[in-house]
There are 2 protein chains.
Amino acid sequence: MTTTVTCPTPTPFDPFDANCPTRQLLDELSDKWVCLVLVALGPGPLRHGELKRRILGVSQKMLTQTLRNLERDGIVERTITASVPVRVDYELTPLGRSLMPVVDALKTWAQAHMDEVESSRERYDARV
Amino acid sequence: MTTTVTCPTPTPFDPFDANCPTRQLLDELSDKWVCLVLVALGPGPLRHGELKRRILGVSQKMLTQTLRNLERDGIVERTITASVPVRVDYELTPLGRSLMPVVDALKTWAQAHMDEVESSRERYDARV
DNA sequence: CGGTATCCATTCTGATACTG
DNA sequence: CAGTATCAGAATGGATACCG
């Protein structure tokens, strides 16, 4: 006889497996600019140039590349308004908004614990 | 006359500023292996080899490098037991445990929304 | 077992120039 | 304004060999 157990989280996806698609997705989300872009888009749509000015130090190339990936994943939506010059807005999709709290928590954690991390680094570097 | 306003979150740290230390910290946390290492250490201490077997596809070099960074930041603690051969355990510090829910949420999000992301990608790739 | 050091191919990224 | 194309230099990461 066979017994079937109902599991509360029946996800077959396992990022610990190198070949699971979630491994690659996690990798993509763990990108230098993803967190900042998503947090920046949290309050509402922004144009390319506005994003670039908000996220100091990002190059146009990297910003575009990051936005393209997020658009492809369905996390960000790109809207083109035909005008002269053309206007392009980026905003979070519902999927993107579901990710927002997560990346925002990451940013907030970094801000909240920066001091602790810095003093830990000093201690670490001192004893070498 | 000067009025002082008490702010609930008086963090002067701003990761949108390229020179803020949180920018670099966020960058470090957004590393390919950090999330997996922390999630793996969630349940309890693990040896180097155990971690390597758990996180399929990570090279010894990358695992060591990731662990060193996390140790330096005070997120992971490294314990050496003198024996033959030597035994090295890694475990989350209290600071690291405070970060756990965040990275776990990221991993869980990836698992929960992998299907949506994949179908979005197919749609995106189809219209090019 | 855990770790370091070295070598080397690959990838990444910023700068620059150019298009619609 | 938004974006693409190109190219050279930097950073990355894997493989390998070796140490305590």
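Chain letters run A, B, ... following the sequence lines, proteins first, then strands; residues in each count from 1.
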Take atom [atom1] of [X] and atom [atom2] of [N], then tell me their distance rounded to the nearest Å.
X	N	atom1	atom2	value
B/Asp27	D/dT12	CG	C1'	13 Å
B/Lys61	C/dA9	NZ	P	14 Å
A/Lys52	C/dG14	NZ	P	10 Å
A/Ile80	C/dG20	CD1	C1'	12 Å
B/Gln60	D/dA15	CD	P	12 Å
A/Lys32	C/dT13	NZ	C1'	9 Å
A/Arg78	D/dT4	CZ	C1'	12 Å
B/Met62	D/dT12	CE	C1'	7 Å

Original post:
NA contact type, B/Arg87, heavy-atom cut-off 4.0 Å: base, sugar-phosphate, or nothing?
Top reply: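 Counting heavy atoms under 4.0 Å across all strands, no contact is made by B/Arg87.
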Phosphate OP1/OP2 of [N] contacted by [X] side-chain N/O (<4.0 Å):
X	N	value
A/Arg47	D/dC1	no
B/Ser59	D/dG13	no
B/Tyr90	C/dG3	yes

**OP:** Working to the nearest 0.5 Å, report the span between CG of A/Leu92 and CG of A/Leu99.
**Re:**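 With rounding to 0.5 Å, CG (A/Leu92) is 8.5 Å from CG (A/Leu99).
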Subject >> Minimum-distance pair of heavy atoms, taken over all atoms of B/Lys52 and B/Val58 >> reply: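 Nearest pair, atom of B/Lys52 first, then B/Val58: NZ-O, 3.3 Å.
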Original post:
Do the non-hydrogen side-chain atoms of B/Leu95 and B/Asp73 ever get within less than 4.5 Å of each other?
Top reply: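 With C-beta onward as the side chain, the pair stays apart.
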Original post:
Relative to the 5' end of DNA chain C, which residue comes earlier, B/Val86 or A/Trp33, by the nucleotide with the nearest heavy atom?
Top reply: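 Mapping each residue to its closest nucleotide by heavy atoms, the 5'-most match is B/Val86.
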**OP:** Answer yes when A/Asp14 and A/Arg23 have at least one side-chain N-carboxylate O distance shorter than 4.0 Å, and no when they do not.
**Re:**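 Result for this pair is no, no salt bridge flagged.
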**OP:** Give a yes or no on whether the backbone of A/Trp33 and the side-chain of A/Thr66 come within a donor-acceptor separation of less than 3.5 Å.
**Re:**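 Here the side-chain-to-backbone pair does not exist.
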Original post:
Nearest to the side chain of A/Val88, which nucleotide is it out of C/dG3, D/dG14, D/dA2?
Top reply: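 When the side chain of A/Val88 is considered, D/dA2 is the closest of C/dG3, D/dG14, D/dA2.
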